[in-house]
Each structure stands twice: as structure tokens, then as C-alpha cells.
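A quick note: this is a predicted structure, and the numbers were derived from the prediction, not measured. Each chain gets a letter, A, B and so on, in the order its sequence line appears, and its residues count up from 1.
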Amino acid sequence: MTALENREPAAGSAADTLLRVDDLHVSFKGRGRARKVRAVNGVSFELGRSETVGLVGESGSGKSTVGRAIMRLIPADSGRVQLDGRELLSLGRSELRAARKDVQMVFQDPYSSMNPAMVVADVIGEPLDVQAGMGRSERNTRVAELLEAVGLSQRHIERYPYEFSGGQRQRIAIARALANHPKVVILDEAVSALDVSTQNQIINLLEDLQAETGVSMLFIAHDLAVVRHIARRTVVIYLGQVMEVGPSERIFEHPAHPYAEALLSAVPVPNPEIQRRRERVVLRGEPPDPTNLPLGCPFVTRCRYAMDVCADTMPELTPVDGGGLVACHLQTAGPNLAGRSLDALGVEAEPIVPPTR
Amino acid sequence: MADRADVAVPTGPEVWRRHAQDHRVEQSLDESSAPLSARARFLRRFLQQRPAIGALTFLVLIVLAALFAPLLAPYDPDQNDIRNLLSGPSGDHWLGTDHLGRDTLSRMLYGARVSLLAAVQAVSIALVLGVVPGLLAGFFGRWVDVVIMRATETIMTFPPLLLAIAIVAVRGPGLFNAMLAVGVVFAPRFARLVRGLVLGVREETFIEASRSIGTPAHRILRRHVLPNILSPLVVQISLALGFAMLAEAALSFLGLGVRPPEASWGALLQVAYNNINRNSFQAIPPGVAIMLCVLAFNLLGDGIRDSLGKEIRRGT
Amino acid sequence: MSEPPLLEVTDLDVDFATDHGWERVVNHVSFTVDRGETLGLVGESGSGKSVTCMALTALIPMPPGRVAGGSVRLEGRELIGMPAAELEQVRGAEVANIFQEPMTSLNPAFTVGEQIAEMVRRHKGLSRRAARGRAVEMLDRVGIPNASRRAEEYPHQFSGGMRQRVMIAMAVSCEPKLLIADEPTTALDVTIQAQVLDLLRDMQAELGMSVVFITHDLGVVAHSCDHVVVLYGGRVMEEAPIDELYFRPAHPYTEGLLTAMPQIGPRAGRLASIPGSTPVPSSLPAGCVFNPRCPYVVERCREGEIPLVEVGPGHRSRCVRVSELNLVGTS
Amino acid sequence: MSKVIGRRLLLTIPLLFFVSLIVFALAQLVPGDPAVTIAGEQATAARIEEIREKLGINDSTLVQYGRLVGGLVQGDLGTSLYSEQKVTDALFTALPITLSLAGLALLFVIVVGIPFGLLAGTRPGSLLDRILTAVAALGVAAPGYWVGILLIIVFGLGLGWFPTGLYVPFGESPTRWLYHLILPAFALSLAGIVEVTRQLRSSMRDAMTADYVRTARAKGLRQRTVVLKHALKNAAVPLVTVLGLQVNVLLGGAIALELVFGFSGVGALAVRAVQNRDIPVIQGIVLLSVVVVSLSNLLVDLAYGWLNPKVRAQ
């Protein structure tokens, strides 16, 4: 029985599922004598047609690893990734090459993600050469079309990447990703390296492109405000595990997981008055060593509501009022919140020191 | 203020949204000049490197002198002149003569052929023996990498000149054997360089981006890896040519390279050294020639490196 | 204003040498920092905010940089042109710095304890032993568990957040009067950022320091600062007390930044943004440097040098249309 | 620390195995019959057979290799084909000369190269930097033995300040030992001085622009402390690499210089052995130099551990 079965469809899943990630596990061999680093530890979520899902987490949460594993740029230990019902993880080499047409990626660093020796026509044209086998003139027509679509002039077709600014390069990377009409685009911290106003331009562009082409987007980011804006649903992960998933509106207004609550509370609000008034939850300590995770909930070492049960049992994903799922004992074994958000708890719980092992 | 507006100017988020919408496609790009290809950018930067230009000019002149040695040389390089043994520079013999009365200038010109050719030979051998294992080690990694790298480490434990001498000892003295030895000594250095470059390029996101498109491995190697390691390799080839000249000169000086009466600059130095008590001047021209050539290869290499774009300068 | 300000920067000009000669990256920047106050220095990348602060104690590399003019007074003493040996006594002891990258800002070859202790020995003249003790005490004060053991460890054995705590411990170890924090939390995760911001605030209260806080994040400014200077193209665009800036901005650029700030609150349609990109020092436009990106641009904006004018108590703006525009701030 | 040494020594075992194979291959690859070479073209068949027996060439390859390794383990490197002298004896006579020459040259490299590198690296673009860079460019291009010849011409034959040859053992007279070694050691060290200057210059330049140096300056440390403590310790990592490689280069360079100055060191021995195709001597010299180079590599690794805590942790 996998994590996603046996659950009402309304909870954490999309209406018309396009991409389904189920119980994904990815690990790396640690350096030297260090043990295995379990980067992704049973992550499941779904992405609907023409939907944008945000995947948020801090560094070391495994969010980028999820994206790369879906793309099969790194091997997964176990789990399933289905695109339109077709399993991606078991595809053979040539099938995989063909399937890569449907899932594309935009990377964080707009500078290293393009071969400096190629002109824009070749950068954007590469997927067309490789996948579509287009003739040169046909290809260049399509490249010009794509440039236009991402807000660049087709006069730039023979220019080199070094001539463009970071934001412009990211537009080129988006054009490259869209070249073969993919079904899904994975954006891995695609706007993190940009200034705020450039960031907004790119986000607006992505929304326009989604409206035009109906492409689905998995938006991986650490910036909560950006995810709040672009994603209809959000998946919050911590140390390779899903803590909470659900409609962005609900999560951002009434987080059900203590980690999501703390994460949101930590984001400074650009308003001095609110900033002075608001009570912040400042998490103590730092994430534990990823080679030596707690048996139970990975968040137990920093959680202010931690109970004894949290230390040795990982809670199941449980439905929450207002939509979505949360993996927290407060919802199941603890003071019964009956599927409500954390604000309902009302009491200021003292953090307990989890048993060390 | 005089022009103060009576009607309030609309302000706030809506204005900015509309403003951004109006300027959506206005992406500034410096279009004052035509786009330059990587090669054109390289050439433009290279032409600004005065020492490198000087070095290149010098090397071209030396190569021409070597090519046209029969036309330029005032005497037959092997012709003895018993009336002029170990003479100093004079109108007849601009650079004097050696102990057999042979004209030093003529021998220098013919020696340039030998020295240059030997350097090219040694570096070509080193490239053939080094680049392929380096590519394999860098691209395949795992045990291939381990084996190849261990082998290069072992070879590099030998002092280079000593290893060359040992190889000459086995194969017997002679220019080709000497250059083969120098090539073998150099090969592991090229192997390591190429491996490092390949590893560096492999880490780049653009390789990952290309893989994610579904680009087959051979195309990645051809379109992404090779173009990005070629330029740093050229830099090293230029430097290696200098070192090979030094190595040839050393082996010939020790009597393990070129066989008499053929001349190379190292062999000329040996003859000059043997007669140093009678005429010290003869030691100057071949030494200066070697030094200037090596210097030129080094300056050229530095110049090429400095002309490469920042983005492909890694690893050099 | 009975007491003179702690730091008084007047008309500071900083140039950098380029292929085309000297380029001005900081142009006539002036501001003051009062005792115990936190001043925010805000701007996008390339606005000159870091260079300004590094020029205060001559930390910019010279060459290629140079301070071309202006004055920096710390308690009335002029720092520009101060002899190097004297300036070394000011750095660390009176003006301390924290930098953005805690990873590269600590020396990888020495233990963190040694790196704090050497500074204490230098400025406080403590013995080797006493300085060690002080280093451990400081590490403990910034919340590093097992301080005496961790003092013996090297920077690579610390996480990003812990390294920034080490930097803070080091910076405040000689109880400076002024702390310059250059994007101290930009490289950190939000939950760690919150810890570090709180720590900085606690240390400031404890030691009564003044702080200059350099950041591009208006959320962090709202959390930490009393007074704000907005920089663009190496110039001061607006300067205001914190609430004034957020609720009554007097420069279109500030309005644009506030509008573009993505918010956690309910989603409000399309994101606003400032079109175009920040100018490079070599090709600044004539007139107001912001005019090519400004929605309120008129003919007057494109000519001459725009003066910085007083629009309220402690509130100044470099905009010719400031009296005509009723700019909207944060709601 | 002892752990590092132990692991290093363990790693040397496969290396020595490889080296013994290569050394063995040297002898096997010699074209023609070494017995004929030794006996001369006119020797009788019986005489040649006698020599073959003595050399053990008639045994199988495996037996021959076993004998080589067996000899190595007992410290026996065989006998010279030419002089009938034991190879170990020949090496031990020649080694002090070469070590004196290379050691003094290494000292020059360190005491001249490091200050030059520091001066050039901390004042990039200054007149001094430009002069040093120009001299360095020439120095790296000039063959050491040629510089040796020039020194003989100027200081020996011309000015008569220094002797132009003859090695005096240290035990006999330390001052005359030094006096006779100065010219060749200087000529030998030139390339190394240049290499160290260049390397230290560039790594100091990098270190001086590093963030941690900015931090050190922001802490109000004296410029001297910033340069000699914070920058130098980090810049020293590539410097140590270069110094380690110098051992290799100096041993090679010593060969020609010994010839120029008429020292009968290992280099001179090697050249003579090559001319005579005296394979056992060549084998011995190659093995000896590998041991010396491996020892210097060990020192380099230990230095890395001290300079770079990250390496130590692994």
C-alpha cells in the first residue's frame, strides 16, 4: 500500500492529474566514511493539467533533488513517477530520450546553464534538433517565435549568451524549455538569482505562457512569497519528507504543520507596523545531520509542540479542514485538532527537548 | 513650483502594473555593435596582447628561417674551414666558427629545423598518448579513471629528464628516440589536464540542461564538451612546445639526442662547452636562441589564455 | 539633536578604475548614524550600497578603487585620509563589519577561536590565554552550544547559520560603537535568518551599538531598521524614518520597490515590477538616473543634476516631481 | 599525523610494484642482446654464452623478474655490466654529491623565491612586480646548464672568483664545499626560484582579494599580520605543491649541471650508463630517484594537512 492510496481525492491531489510522484526515495553516498544521505525520503504529490504546484523547503530539504529525480538526471532508489499514466522511472534509454520531450526544466543559475560557445539560435534550437529533427529554416522560424513569446526580439537570434542580462538569460532558458511543447516544466529556483523586479517580470511571463500553452509547472523555490503568488497548491518539505500539502491559500493563511507555521512566521513582512505587532515563531537550532535523522518526525528536534510520540513514529499524512494533508501527530495522536489549523490550538506550548539517541 | 499640476497624478500599484505591461518587450541589449563569434572575440582580445603578438611574430620568423635555411645560410653547415677554427664573429662568419671551422650561423639556421621539428614531434606524441586516456578518464570516471590516473601518477613520480634518459638508454641515442622519450614524459601531464577539463565541463549546468533535453552522449561530447576544452588545451600545447625544446636541447647537450654531425641548438651548446676555454662566445648564440624560443612559446600561451573568454578560461 | 551623530558621511564619492578610466560608483552620498540607531541602506545589486560602506573604513581594494571626495566623521574624527596605522586601530575596535558570505569570510586555515582571540589581543591587549577565554565567552553569548569545544574547530565544520554567528561574535568581541552588517542574512535560510536577525538585535541592545544594515530585502529593513537610505545608481534617492518610507514614500523608485515586493498575503493579480534593469555606472542616463524606468517621467527629469530636497522632518527625496506626486506606500 | 604517514606508506606499495615493473621492462625492452653488447662484436660464442649465463638472461621472464624483486627486497640492485662494480656502491659514492647540489639549490629556491613571490604578490602592478615578472619570464626559458656555462665563463674563466668544477666533500671542508657548489647550485635553482616566485605571486594575489583577508583587515589587524598570517597560510597550499615538484625538477636538472661542472654525481653516472647501455645502473638510479621523490611527496602531504584543516579531517 502506498502513501497516496486510500485517501479522498479532494485532499492533496489535483483534479485532473498529469504528473504523479509516489513515495519517491533518493539517496546519495556520503563523502568518505559518512553514511548514506537520504535526500528524498518518501515524497508523494500530484500535479494537475495546466496547474502550478509550488515545492518549498529550505536548503537541504531535497526539493531540487525531487526535480532532478523526476527528470531522471539522478537515479531514484525507489518510488514511482507517472506522467499521463506512464511510468518514467523504469523507461529504457531510448524511451527516456523520447519522454524527455514532455518534461522540461529551467535551472537556477542563468549563467552556467547555457554553453558560452553557442548562439541563442543553437541554445534554444538544441531541443528542436535533438527531438524534432527540424530543418534549419524551419527551426529558426520556431526559435524566432519562441524568442518573441518570452519577450525578446528575434533580432537577438544570432547573439551569444554573454550579451544578455540574468533576467534575459532566464527568458532564453524558458524558451528552450518550451521549444518542444512539453507537458510539464520544472522550474528549479528559476527566479532566485534575480533582483525583485526582474523576478516579477519572469513570474508574470510564466503566468502568461501557462495561460497560452496550458503547460503545467512544478515551481521549486525557497521564497515563500513567490510561491504564494504563482502556485495554486503548495507542497512543504523538510529533510526529504512532505510536511504539508494543500491549497496555497489555506497553507499560507492557516498552516497546519508547526514547520509550515514557523517558516511562514520567519518571513519578514515589508511593513514596519505589522512587523512590530506580529508575534514571530523563531525556530531554535538547526536541521539535524542528514546522515543521522531522527526515527520519527524529522522536525522533532526543533518543534515547539513536540511530544514523546514524535521522536519515534513518523506521522501519516492526514486530511486538514480547508483542504490538503499534513503529517503531524498534533492532528492524529496529540491534542485532537480535528483537522483544523494550528491557530486553533490557542495555547503557547513549551518546547520539549526530544530524547537523543 | 510654477508647473504644479492641479489634477492629481495617478500613482500606486496600478500605475506600475500598466507601466510594466507597456514596457514588457522592451529588453535592452547593446546593439551598437554586431554580435561577435567566440573566435572573433578571441582575435580581438588577442590583438591587444602586445607580448603575445611579439612572440608570435618572432616564432613565425624562426619558422621561416628554418624553412629557408638552405637559401639563407651563408655556408654549408658541415663545411670545414681549417683557416678559421673557433674564430670569433667576423665579416665572413657573423657568429664565428666551431672547432672544425664550421660556420655557426649556418649551423644555427639548420639547427632551428631540428629543434623546432623535434619539439613538434615530442608534443604530437604526448598529445596522442595523453589526450585519449584523459578524455576516457574524465568522461567515464569510475575504474577507468582510477586505473588511468594511477598510471599517470606512477610515471610522474620519475624525474622527467631521468625518465627520458632511461627510455633513451633502452632505445638507444638518437633524435627520434629522444623525442619519443620526451613525448612519453609529457603524456601524463596532458592526460591529467584533459581529464580535469572534462570533469570541470561535466559539472556545468549546461551539460545537465542538454541531458534533460534528451541529447545523446556523443552529441554532448561533440557540441558541449570538446569546444569548451579545446582552448585551454591549445594554451598548454604552446607551453609544452617550449618545454619540449628545452628537453631536446638538454638531451642533445648530454649527447643523447641528435647525432653528429647534424646540428641542433643543444648539440651546438655541447660543442661550445667542450671548447669553452678557447672560445667562450660560441656558447652564447645557441643558448640565446633556445631561451628566446621558449620565452616566445610561453608568452604566446599566456596571451592565448588571457584572450579566452572568462567563461572558458577555467582549468588553465 | 543635542549630541552630535556617531557617524557623519558627507558627499562621499568613490571611483573604480576600468578600461575606460575612472568610473564613479558612489556619487555624493551623505547620511548620518545616531548612537544606538539602526540605519538601513537599501538598493538592488549594483546600487553602490556595499561599496559605500566598505569605503568608510577604507576596506575597498585600492587600487582599483579610490575615494575621490567627501568626508566620513566618526565622533568628529575624519576617517578619510587617516594614516593606515591609525585606521587599523579604528577597525574592529570602533567600527566592526559582518559580511554576506560567512563561508568565505572566515579564514579556512585557522580555528574560529583563534580568529576571535587574535582580534581581542590586538585591540584589548589581552594575554593569549585571556583572549582565548574571551573568544569562548563570545561564542557562548551568540548561542553556539559547547562553545569551548567548538572554539577549537575550523570554519568548515560549522553550518552557514553557525558561521554567521561566529562572524557576529567576532565583530562584537571588542564592543564596537558601530557595526556594519553587509547583507548578513542573504545567504541563509529564512528560519536561520530569523534567528540571526534576533541575535543582532539582542547584541545591539546589550552593547548599545549603532548598526548600518545593508540589504536589498525590504522585509528585513522593516524588521530591523529605524531609518532608511535608498540608493540607486550610486546616489541617495530617498532618505526617511522607517514608517515615513513605507507609508509615505517620496520617490517613485521607492514606490516601485515597495510595489514589487512579493507578499505572503492574499494574491493580488499580476505582480507589479519596475521594467528594465539597473544601469551600469558607465552608461548612466542624463538627469535623474531613474528616469528611463520611471512611470512618472516628464521632460524635466531628463536634464541637469536633480537635487536632494527636504520633504519632511528627516525625510529627503531626489525627485523633481515630489510635490506633484502623491505616492502610495505599503498598505 | 601518524595515520597520514601510515596511509601514505601503504599507498607507496602499489606504486613501488608499478615502478619495479617499469624498471624490469626497461631491461626487457632493450633491443639486441646485452651479452653481445658487453662482450663486443668479435667475442666468441662461448664467451657470449658465459656472459648470458652470468646475467641470467637464459632464465624465463618470470624468474628474472622474481630475481629483480628478490634483490630489491634485500637492497641488492645488481652489478654494473660495464665496471663490475656493485650498483649500490656506485650509487652511494655518487649520491652525496647530487644531494648536496640539489639540496643547496632547494635552499636557494626557498630563501630567494618566497620573498620575491611575496613582494610581487602583495604589490600587483608595481614596478617591482613588473621587473620580477619580466626576469621570471626569462629565467623559466633559460636552460639551467646554459646558465651554468655562462656563470663559468663570467665568474670562473673571466673574473676568476669561483672554481669551475671539482666537488669537495662536506666532511673535508664545509667552506670549500660551499665555495665549489655555489655556481652550479645557483644555476640549478634559477628555474625553481622563478617557478616559486610566479606561483606565490599569483596565489598571494588571489588570497589578498579573498573575503577572509577583507575580514582580517576589517578586524583591524596589522597589515603585516594580514599578509604573513592570513594570506600566506592559504597561499602556501599551491606553493607547497610547487616546492614538492621542485625536488623532481632539481634531480633532473642536476644531471646536466654535474656534467658541466665535472661532478661525478648520480647524473653523471646516469649519462655514462646510458652511453654504455649499462641497464642495471640505470635501473638503480631510477629506483633511487623514485624513492627520493616519494619521500618528498610524503612531506608535501604532511604539509597539506597542516595548512588545510579540511584535508586533515578527511
Side-chain angles (χ1 to χ4, degrees), chain C residues 17 50 53-54 56-64 84-112 114-124 152-157 163 166-167 170-171 173-174 176 179-180 182, chain D residues 1 4 120-130 200-241 300-314:
Chain C
S50 289
C53 281
M54 293 215 291
L56 301 181
T57 52
L59 284 178
I60 50 168
M62 294 190 265
E86 218 175 306
L87 200 57
E88 282 169 3
Q89 305 282 358
V90 173
R91 291 190 201 132
E94 295 179 68
V95 183
N97 290 72
I98 309 174
F99 302 105
Q100 177 175 357
E101 290 292 337
M103 178 78 188
T104 53
S105 294
L106 288 165
N107 195 325
F110 297 97
T111 63
V112 299
E114 163 64 15
Q115 294 188 53
I116 300 174
E118 68 170 345
M119 181 170 171
V120 183
R121 283 215 311 278
R122 164 87 167 119
H123 292 301
K124 299 269 176 205
E152 303 299 323
E153 293 184 354
Y154 291 88
H156 70 93
Q157 290 163 290
R163 280 193 209 114
V166 170
M167 280 299 286
M170 191 153 78
S173 63
C174 296
L179 178 70
I180 299 172
D182 187 353
Chain D
M1 206 53 126
V4 178
T122 47
R123 293 173 182 73
S126 67
L127 184 66
L128 179 78
D129 177 36
R130 275 177 290 164
L200 190 55
R201 171 180 180 267
S202 90
S203 52
M204 279 303 282
R205 277 180 72 160
D206 290 349
M208 290 303 289
T209 57
D211 286 351
Y212 57 79
V213 162
R214 182 179 61 184
T215 306
R217 294 180 60 219
K219 282 155 76 175
L221 301 179
R222 289 191 184 86
Q223 183 68 9
R224 184 160 32 100
T225 319
V226 173
V227 174
L228 294 181
K229 181 176 174 182
H230 286 267
L232 183 57
K233 193 168 175 188
N234 285 282
V237 174
L239 175 69
V240 164
T241 311
V300 166
D301 278 5
L302 292 179
Y304 281 154
W306 179 71
L307 291 169
N308 187 348
K310 250 189 205 161
V311 173
R312 206 181 314 161
Q314 275 165 12

Chain D shares the most heavy-atom pairs under 4.5 Å, among C/N107, C/T104, C/V90, with C/N107

Check: Between D/R217 (side chain) and C/A58 (backbone), is there a donor-acceptor pair under 3.5 Å?
Finding: yes

Exercise for the section: Could you tell me whether the side chain of D/K219 and the main chain of C/M119 form a donor-acceptor pair under 3.5 Å? Expected result: no

Ranked by heavy-atom pairs below 4.5 Å to chain C, first place among D/M208, D/K229, D/Q223 goes to D/K229

- prompt: Would you say the side-chain atoms of D/T215 pair up with the backbone N or O of C/S105, donor to acceptor, closer than 3.5 Å?
  reply: yes

So, the part of C/E118 with a heavy atom under 4.5 Å from chain D: the answer is both

Output for pair (D/R222 CZ, C/R122 CZ), nearest 0.5 Å, gives 4.0 Å

Counting heavy-atom pairs under 4.5 angstrom with chain D, the leader among C/A96, C/S173, C/P108 is C/P108

> D/H230 side chain to C/F110 main-chain N or O, any donor-acceptor pair under 3.5 Å?
Replying inline: no

Turns out that what part of C/T57 lies under 4.5 Å from chain D's heavy atoms comes down to neither

If you tally heavy-atom pairs under 4.5 Å between each of C/H123, C/Q89, C/E101 and chain D, the highest tally belongs to C/H123

Separation between CD (C/E88) and OG1 (D/T225), nearest 0.5 Å, reads 8.0 Å

Applying a strict 4.5 Å limit to non-hydrogen atoms, the region of D/A218 in contact with chain C is both

(message) Within the structure provided, determine whether D/T209 and C/P61 are in side-chain contact (heavy-atom separation under 4.5 Å).
(response) no

So, the part of C/V95 with a heavy atom under 4.5 Å from chain D: the answer is backbone

If one checks every heavy atom of C/E153 against chain D at 4.5 Å, the contacting part turns out to be neither

If one checks every heavy atom of C/L59 against chain D at 4.5 Å, the contacting part turns out to be both

